[in-house]
Trainee: 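One structure coming up, written as structure tokens, with questions to follow.
Positions are given from 1, in the same order as the sequence printed here. Everything numeric in this text was worked out from a predicted model, so none of it was measured.
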Amino acid sequence: MPVGGSALFSGFRVLGLYSGHVPHALRYHQKHREFYVVTAVGRSFHTYNVNRLGIVAVSNSLPDDISCVAADRMLVFAAAGRDISAFARNKEVVMRYHGHRQEVRLLLPLGDQLISADAGGDVIVWDVQGGDEYLRLQFDSASFSVSAMMHPSTYLNKVLLGSSQGALQLWNIKTSKLVFTFPGWSAGVTSLQQSPAVDVVGVGTATGRIIIHNIRLDETLMSFTQDWGPISSLAFRTDGPPIVASGSPQGHIAFWDLERRQLVTQLRNAHSTAVAAATFVHREPLLVTNGADNAIKVWIFDQEGGGARLLRSRQGHSAPPTTIHHHGNDGKNILSAGQDGTLQSFSTVHERFNKNLGHGSINKKKEKKKKKGLSYEELRLPAITAFSSAAARQSDWDGIVACHRGRLATTTWNYQRCTMGAHHLQPPAARGNAIATAVDITSCGNFAVIGSSCGRVDVYNLQSGQHRGCYGNDEKAHSGAVRGVATETLNQMTFTAGSDWLLKFWRFKTNSWLHANSVVFLFPVSGMLALALDDFTLAVVDIETRRVVRKFAGHHGNVNDMTFSPDGRWLVTAAMDCTIRTWDLPSGSLVDCFLVAMAPVGVSLSPTGDFLATAHVDSLGVYLWTNKSLCGPVGLRPLPADHQPTEETLPGVTADESEQEVTSEEVDDAYRSAEQLGAELVTLSLLPESRWKSLLHLDVIKRRNKPVAPPAAPAAAPFFLPTLPGLTPRFAEPTPSEQETQVQLLLLLLLPRRAFISDIYILTRNKGGGASKRTLLRLSSRLEAGWAELRASFDQSLCLLTYAKSALL
């Protein structure tokens with residue numbers, strides 16, 4: 001049996017995971033001059049740039065889920081359980097802090113120290129560099145349970161602690177002394193935030209009250225009250241207007257004017273869940289928010305009256321997806337329907353191509369009017385249970401049809417406009433308690449076939465939304481609920497399956513019944529139908545002969561979804577037994593099987609065959625697996641009946657290579673070699689062969705490169721002219737020996753001929769007499785001749801330069 005997991009698929013990445021319930025951390029990188037937001041997702045955290053919200057780094061996974069994050073100029077701190085980890089370059093763990101006895105809930109970086117508080121009442125001050133415990137404060141959880149923590153600006157070595165009982169305490173962490181105790185406002189403190197003014201802090205309480213308090217004078221300056229429950233987060237605007245923002249558990253955000261002391265504006269339904277954190281970007285009209293609805297949003301304040309609008313966002317499903325399908329023939333987009341009622345499209349190329357088609361509404365006109373007394377949730381349609389898409393005519397009319405939980409009418413969606421369509425497809429004279437259960441769109445994109453729980457199978461025209469007929473006698477195709485519908489590529493036949501254990505073949509145009517067989521679920525491709533039965537077995541039916549050609553058994557739970565490979569050779573199935581199996585149709589055997597931690601509920605293989613997409617229980621993301629057979633030869637052998645699959649780790653998020661990677665501001669470029677394996681062995685790195693193969697001939701190279709003579713120091717030449725000391729700069733005159741050397745050198749340059757040198761030698765030897773006069777006359781004549789030659793050469797050069805200049809001009 002194979003030792004590893006899957007021999008055919010390997011984890012690549014996950015799509016649609018952006019944020020969790022943990023408040024984000026905002027940091028500024030001085031080298032890049034850019035703001036970054038850090039969000040925790042499960043056991044790792046992601047780093048996004050605020051300018052584009054592009055992911056630039058993904059940290060290594062921790063043993064447990066992250067409970068809180070904080071960041072300073074150099075490091076990112078994440079608490080998981082009772083341990084705290086410090087990350088450098090937003091990825092690598094460089095230090096761990098152990099000492100808490102219960103789960104860590106709060107983190108606060110303060111210079112060279114890190115302050116952490118746990119659920120048991122312990123507050124520990126750590127030395128960031130050494131990892132040692134500097135100070136430990138113990139509080140009684142019954143009288144003072146730490147719920148918020150902040151550092152007042154300009155207060156050296158001071159930290160302000162808020163409790164769930166309502167009291168506040170100001171501590172000096174250097175001397176370990178309690179400086180002052182604030183009695184509070186008879187409500188638990190949920191948030192503490194420093195205002196732009198010194199000595200003034202904002203306090204959020206569990207009763208929805210916002211207090212602006214001066215901690216130096218112990219005086220309450222003003223207070224506000226919101227009607228949405230406790231204050232989940234506070235943020236002060238620093239770019240000019242005196243505005244404070246408050247978040248709520250309902251997902252609303254309120255903005256208060258501190259000068260006029262009134263509510264300015266509000267953002268309703270900014271998040272579908274509680275606002276985990278809201279932070280204003282320093283000296284910019286931008287607000288960054290995140291929540292447990294798996295969304296990061298950046299709001300800009302450029303509206304009249306101080307209102308904000310959504311500038312950019314990264315948003316996935318707030319509830320686990322239930323159905324996924326590839327859209328189009330290029331395999332670059334994956335449509336996903338979740339339990340939150342949204343329909344979204346995730347791109348496998350880049351996140352900027354993601355689309356959110358939004359929630360379905362019962363009546364779009366009523367939703368726009370928002371009549372008084374009509375709540376926001378009453379207008380929304382329930383979650384999508386099944387959908388089908390076709391890209392053939394999506395530019396002309398709606399190309400997506402979806403069934404909703406507990407509703408008979410199906411909705412149409414437009415992929416290009418990212419909105420719900422105008423048609424609600426509902427059969428005429430149908431039972432009141434019937435619901436739509438299955439849907440399929442023809443390959444031409446003109447018709448939709450919809451099955452319902454009452455046994456009806458209806459055909460609709462997608463362009464007009466009109467009902468075009470139904471299958472079966474008495475307007476019923478099956479005596480039980482319809483479990484699945486499918487159409488042929490050429491629109492010649494329609495296949496329906498019902499809970500009455502019958503698979504029926506219909507002529508698409510005449511709606512006549514051709515054949516019947518027992519089945520529960522079906523999937524057509526290249527003349528084959530894949531059927532999933534209630535006894536956890538699979539059957540493959542040939543459309544031409546209408547017979548079962550393959551039967552597969554091996555699953556130990558309900559088969560949730562299945563998909564064919566583009567060439568029709570493999571059938572990939574996902575079941576509740578947490579296994580994903582690949583069946584080979586020509587050989588009729590199981591060729592690949594692996595376990596996952598969470599049961600898969602949806603599976604889709606791209607039309608190009610490069611990626612396998614899966615959706616899992618209690619997971620908000622869509623996971624991608626690469627097909628190894630496209631990268632190289634893969635030996636697929638039939639697996640035995642008693643094969644025990646090995647669990648594969650679900651893939652994680654990968655950073656975008658096009659975005660700039662965030663590194664620490666003080667990068668250590670020193671190379672650190674790997675550990676030595678043995679005294680006689682050489683530990684090699686991942687360098688090319690040409691870099692390390694020469695080490696085998698190191699002695700020969702040293703002997704060949706041995707210098708012949710010792711290195712000689714070059715002649716010293718002054719870089720600057722020598723000057724004399726004094727206030728007035730003066731150049732030093734050369735000595736007589738230096739002057740004679742310079743004269744001789746000048747004469748040698750001007751008179752390079754041997755005759756000149758001989759004349760000069762005669763002059764120096766004979767200081768008087770007629771011989772010296774004759775020599776001087778001969779020397780002067782030669783000097784004149786040499787000067788004439790130099791002048792002629794100069795005139796020629798000047799003429800050539802003038803000619804070149806005129807030619808260029």
Trainee: Counting the benzene-type ring for Trp, do Phe77 and Phe87 have ring centres under 6.0 Å apart?
Mentor: no
Trainee: I need the minimum non-hydrogen distance between Ser153 and Val198, along with the two atoms involved.
Mentor: O-CG1, 4.1 Å
Trainee: Would you call Glu351 and Arg314 a salt bridge, taking side-chain N to carboxylate O under 4.0 Å as the test?
Mentor: yes
Trainee: With side chains defined as the heavy atoms from C-beta onward, is the minimum distance between Ile124 and Tyr134 less than 4.5 Å?
Mentor: no
Trainee: Are any of the side-chain heavy atoms of Asp218 and Phe180 separated by less than 4.5 Å?
Mentor: yes
Trainee: Does any N or O in the side chain of Thr220 come within less than 3.5 Å of the main-chain N or O of Met222, such that one atom is a donor and the other an acceptor?
Mentor: no
Trainee: Rounded to the nearest 0.5 Å, how far apart are OG1 of Thr190 and CZ of Arg209?
Mentor: 13.0 Å
Trainee: In Å and rounded to the nearest 0.5 Å, what is the CD to CG distance from Gln129 to Leu114?
Mentor: 11.5 Å
Trainee: What about the rings of His616 and Tyr623, do their centers lie closer together than 6.0 Å?
Mentor: yes
Trainee: Ignoring hydrogens and angles, tell me if any N or O in the side chain of Ser232 forms a donor-acceptor pair with the backbone of Val275 under 3.5 Å.
Mentor: yes
Trainee: Quick check for you: to the nearest 0.5 Å, what is the distance between Leu595 atom CG and Glu648 atom CD?
Mentor: 9.5 Å
Trainee: Please determine whether a side-chain nitrogen of the Lys or Arg among Asp83 and Arg96 lies less than 4.0 Å from a carboxylate oxygen of the Asp or Glu.
Mentor: no
Trainee: Donor-acceptor pair, Asp340 side chain versus Ser318 backbone, under 3.5 Å?
Mentor: yes
Trainee: Give the minimum heavy-atom separation between Pro249 and Pro230, together with the two atoms involved.
Mentor: CD-O, 3.2 Å
Trainee: For residues 120-129, which residue pairs qualify under salt bridge (charged side-chain N to carboxylate O under 4.0 Å, His left out), counting only residues two or more places apart or in two chains?
Mentor: Arg101-Asp122, Asp122-Arg136
Trainee: Phe182 vs His213 aromatic rings, parallel, tilted or perpendicular, using cut-offs 30° and 60°?
Mentor: perpendicular
Trainee: Does Gln262 have more than 12 heavy atoms from other residues, nucleotides or ligands lying within 6.0 Å of its CD?
Mentor: yes
Trainee: Please determine, by modelled atom types, if Asn290 and Ser19 share a side-chain donor-acceptor pair under 3.5 angstrom.
Mentor: yes
Trainee: Between the side chain of Asp72 and the main-chain N/O of Met74, is any donor-acceptor distance below 3.5 Å?
Mentor: yes
Trainee: I'd like to check Ser67 versus Glu103 (side-chain heavy atoms, cut-off strictly below 4.5 Å). Are they in contact?
Mentor: yes
Trainee: Using a 3.5 Å distance criterion without hydrogens, assess whether the side chain of Asn269 forms a donor-acceptor pair with backbone atoms of His271.
Mentor: no
Trainee: Looking at Ser619 and Pro321, what are the two nearest heavy atoms and their distance?
Mentor: O-CD, 3.1 Å
Trainee: Side-chain contact, heavy-atom cut-off 4.5 Å: Phe35 with Glu284?
Mentor: yes
Trainee: Mind checking whether Tyr36 and His29 have parallel, tilted or perpendicular rings, split at 30° and 60°?
Mentor: perpendicular
Trainee: Closest heavy-atom contact between Cys68 and Leu107?
Mentor: SG-CG, 3.6 Å
Trainee: Could you check Trp299 against Leu286 for side chain to side chain contact (heavy atoms under 4.5 Å, CB included), going step by step and ending with a plain yes or no?
Mentor: CA-CA 6 Å; Trp299 310 84; Leu286 299 177; over 6 Å; no
Trainee: Does Arg283, at its CZ atom, have more than 12 non-hydrogen atoms belonging to other residues, nucleotides or ligands within less than 6.0 Å?
Mentor: no
Trainee: Looking at side-chain heavy atoms only, is the closest gap between Gln266 and Ile253 below 4.5 Å?
Mentor: no
Trainee: Quick one: do Trp256 and Ser246 satisfy side-chain hydrogen bond (donor to acceptor under 3.5 Å, both in side chains)? Show the steps, please.
Mentor: CA-CA 8 Å; Trp256 311 84; Ser246 61; 3.1 Å; yes
Trainee: Please confirm whether the ring centroid of Trp171 lies under 6.0 Å from the ring centroid of Phe139.
Mentor: yes
Trainee: Please lay out, stage by stage, how Arg52 and Arg312 fare under the test side chain to side chain contact (heavy atoms under 4.5 Å, CB included).
Mentor: CA-CA 8 Å; Arg52 296 175 298 275; Arg312 62 182 67 93; 5.5 Å; no
Trainee: In terms of the angle between their ring planes, are Tyr18 and Tyr48 parallel, tilted or perpendicular, with boundaries placed at 30° and 60°?
Mentor: tilted
Trainee: Counting N and O atoms only, with roles assigned by atom type, does the side chain of Gln165 sit under 3.5 Å from a partner on the main chain of Ser141, one being a donor and the other an acceptor?
Mentor: yes
Trainee: Which atoms form the tightest heavy-atom contact between Thr265 and Gly306, and what is the distance?
Mentor: CG2-O, 3.7 Å
Trainee: Closer than 3.5 angstrom, by distance alone: can the side chain of Asn214 be matched with the main-chain N or O of Val200 as a donor-acceptor pair?
Mentor: no
Trainee: Any non-hydrogen side-chain atom of Phe255 less than 4.5 Å from a side-chain atom of Leu287?
Mentor: yes
Trainee: Using 0.5 Å steps for rounding, measure from the NZ atom of Lys297 to the CG atom of Leu267.
Mentor: 9.5 Å
Trainee: Does any N or O in the side chain of Thr181 come within less than 3.5 Å of the main-chain N or O of Gln169, such that one atom is a donor and the other an acceptor?
Mentor: no
Trainee: State, with a plain yes or no, whether a side-chain heavy atom of Arg27 is found less than 4.5 Å away from one of Asn90.
Mentor: yes
Trainee: Counting heavy atoms not belonging to Glu92, are there more than 12 under 6.0 Å from its CD?
Mentor: yes
Trainee: Show your working on side-chain hydrogen bond (donor to acceptor under 3.5 Å, both in side chains) between Trp625 and Thr614 and close with a plain yes or no.
Mentor: CA-CA 8 Å; Trp625 309 78; Thr614 59; 3.0 Å; yes
Trainee: Would you say Thr273's side chain and Gly291's backbone share a donor-acceptor pair under 3.5 angstrom?
Mentor: no
Trainee: In Å and rounded to the nearest 0.5 Å, what is the CD1 to CG distance from Ile212 to Leu234?
Mentor: 7.0 Å
Trainee: Write down the atom of Lys158, the atom of Pro152, and the distance for their closest heavy-atom approach.
Mentor: O-CD, 3.7 Å
Trainee: Verify side chain to side chain contact (heavy atoms under 4.5 Å, CB included) between Thr39 and Val22, making sure each step is shown before the conclusion.
Mentor: CA-CA 7 Å; Thr39 60; Val22 179; over 6 Å; no
Trainee: Are any non-hydrogen side-chain atoms of Ser336 and Phe346 less than 4.5 angstrom apart?
Mentor: yes
Trainee: Residues two or more places apart in sequence or in another chain: which of them pass side-chain hydrogen bond (donor to acceptor under 3.5 Å, both in side chains) with Trp228?
Mentor: none
Trainee: Can you measure from CZ (Phe236) to CD (Gln193) and round to the nearest 0.5 angstrom?
Mentor: 7.0 Å
Trainee: Under the side chain to side chain contact (heavy atoms under 4.5 Å, CB included) rule, collect the residues that match up with Asp112, sequence neighbours excluded.
Mentor: none
Trainee: Applying side chain to side chain contact (heavy atoms under 4.5 Å, CB included), run through Arg309 and Phe301 and close with a yes or a no.
Mentor: CA-CA 7 Å; Arg309 64 178 177 89; Phe301 291 82; over 6 Å; no
Trainee: Does atom CZ of Arg82 have more than 12 heavy-atom neighbours from other groups under 6.0 Å away?
Mentor: no
Trainee: Give a yes or no answer on whether the side chain of Asn157 reaches the backbone of Asn172 with a donor-acceptor pair at less than 3.5 Å.
Mentor: no
Trainee: As a quick check of understanding, evaluate side-chain hydrogen bond (donor to acceptor under 3.5 Å, both in side chains) for Glu34 and Asn51, giving each step before the final call.
Mentor: CA-CA 8 Å; Glu34 192 173 6; Asn51 289 338; 3.2 Å; yes
